[in-house]
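What follows is a set of notes on a single structure, which appears directly below.
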Amino acid sequence: MMTSMILANAEDPTLQTFENDVWWIVLIKLLGVFVILLLLTLFTINYERKVVARMAVRPGPNQVGPKGWLQSLTDGVKLPFKEEIIPKTADKVVYFIAPVISATVAFTAFSVIPFGPVVSMFGHKTALQLTDVPISVLVLLACSSMAVYGVVLAGWASGSTYPLLGGLRSAAQMISYEVAMGLSIVAVFMTAGTMSTSQIVAAQAGNNPTEAFDIFGWSPTPPSWYAVLLLPSFIIYCIAAVGETNRAPFDLPEAESELVGGFHTEYSSFKFALFFLAEYINMITVSAFATTLFLGGWRAPWPISWWEGANSGWFPLIWWLGKVLLLLFGFIWLRATLPRMRYDQFMRFGWKVLIPVNLVWILFLAGVRVTNDRIEGGARFLVYIVAAVVVLGIALLWPASKKPREYSIEEQLAARPPGSFPVPPMDLQVPPSPRARRAVAERQPATVGGMTPSPDDNTSDKEV
């Protein structure tokens, strides 16, 4: 948690801060965001390869550049020069537009992510954020919603079966988990009271005495980071983000064991590189979004926050980058350790677990806010205890679902309707295959030292 001393040193941007930016400062920040995304993408690709290699106890990339760190750069240079193969049955216009949509919305979503506080750039005060609007979070959700169009159109325009199946899977998957992601953000809106990303970061600045609640004379303040204060929302967001970005164990649109390469099977050369770029930028975007909403944004974590200059100047850019890399490590860790889920299990988990839990959590949070507004003093704490006891009682007394009785084979055969296909007898013994029995030749023990075997113990003192 951060103290009021740290709050005084951090100059938080406001919506008016972005209105005062001169046009060439905006261009510099636009170029900076573009360069940061490209460098982070190149780093993340190599980062993933090295972490997975370390977990699998193998070398990983180690040939190109110092310890292999230029491998992703060479891959990016190589892909545009590869031969491009376009199927004859493809819709050429949509086939070209689909990867462009995926890459464009991936870059656009990063425009409202805050990197740091107000700094001095060439003598002008400006925020380390490209822009901000009162509904910046909705801009991010809109960009993530548009990303599904690139995937679906790529699968349809390829004119092939497997890409079409991958596009359909992706449409169902991304829409389903986007609902869970949107509901997890509702709790942040209710707590922060704003949809502006810069103001959400400011709301997680530190201990606010006005938010303290009284418990029989003790006045603690809630945690500053929403990852602690709104822990269920943070967990649901992280799960939904993995499904939204089509990453393992939720990489069903790209399941190579079932769909070859999924929606981008028929893509090659530069168009495949755009899909590859969009996937990793989406990973970076959802990680930066989680950092903004739940991990205090660019503000320094404890105990670094005790340093007076931790949240001023360009230092916050380091704390922001560290949090993003930590979340990216979570993506890589999941890929290296968990197997791919079955499609029906994946969809059932999204609709029957994440969304209902999210709705119950939002209802509980709304009840807490109403209680805080209308009840004061120790009575508020008693209301919380009673509500917790009621919830635990309902959870413990809730009747468990009864599994249907498993019928024996004889009962299943007796229940078959007349006219069904004949069934062979259940005690039928299948004879073993003749190939299963292999004749093993009788072998004489090997002689050692040129000795001839004797008829008694197969050994002799006589030399040959």
In Å, rounded to the nearest 0.5 Å, how long is the span from [atom1] of [X] to [atom2] of [Y]?
| X | Y | atom1 | atom2 | result |
| --- | --- | --- | --- | --- |
| S102 | K271 | OG | NZ | 13.5 Å |
| F331 | L327 | CZ | CG | 7.5 Å |
| M347 | F250 | CE | CZ | 11.5 Å |

Check for a donor-acceptor pair, side chain of [X] on one end and backbone N or O of [Y] on the other, with a separation under 3.5 Å.
| X | Y | value |
| --- | --- | --- |
| Q204 | Y226 | yes |
| T191 | V188 | no |
| T104 | I101 | no |
| Q173 | G243 | yes |

Whether the [X] and [Y] side chains hold a donor-acceptor pair (N or O, under 3.5 Å, no angle test) is what I'd like checked.
| X | Y | result |
| --- | --- | --- |
| E279 | N246 | no |
| T17 | Q129 | no |
| S158 | S160 | no |

Could you list the donor-acceptor pairs under 3.5 angstrom formed between side-chain atoms of residues 281-296 and any protein atom two or more places apart in sequence or on another chain?
| from | atom 1 | to | atom 2 | distance (Å) |
| --- | --- | --- | --- | --- |
| N282 | ND2 | A278 | O | 3.1 |
| T285 | OG1 | I281 | O | 2.8 |
| S287 | OG | M283 | O | 2.8 |
| T291 | OG1 | S287 | O | 2.9 |
| T292 | OG1 | A288 | O | 2.9 |

Can you name the residues that form a ring pair (Phe, Tyr, Trp, His ring centres under 6.0 Å) with Y95, not counting sequence neighbours? Y267
Decide ring pair (Phe, Tyr, Trp, His ring centres under 6.0 Å) for F346 and Y177; before the verdict, give the C-alpha distance in whole Å, the side-chain angles of both, and the deciding distance to 0.1 Å. CA-CA 10 Å; F346 176 65; Y177 277 75; 4.4 Å; yes
Can you list the steps and then say if F107 with F34 is a ring pair (Phe, Tyr, Trp, His ring centres under 6.0 Å)? CA-CA 8 Å; F107 278 102; F34 183 76; 5.2 Å; yes
Pick out which of I355, L363, V357 makes a side-chain contact (heavy atoms from CB on, under 4.5 Å) with L359. I355
If you define the side chain from C-beta out and look only at heavy atoms, does anything of [X] sit under 4.5 Å from [Y]?
| X | Y | answer |
| --- | --- | --- |
| P61 | K50 | yes |
| I200 | V137 | yes |
| L39 | V35 | yes |

Kindly determine whether F43 and W69 satisfy ring pair (Phe, Tyr, Trp, His ring centres under 6.0 Å), including the steps that lead there. CA-CA 8 Å; F43 174 81; W69 279 105; 5.6 Å; yes
Between F115 and F110, is the ring pair (Phe, Tyr, Trp, His ring centres under 6.0 Å) condition met? List the steps. CA-CA 10 Å; F115 298 92; F110 228 79; 5.7 Å; yes
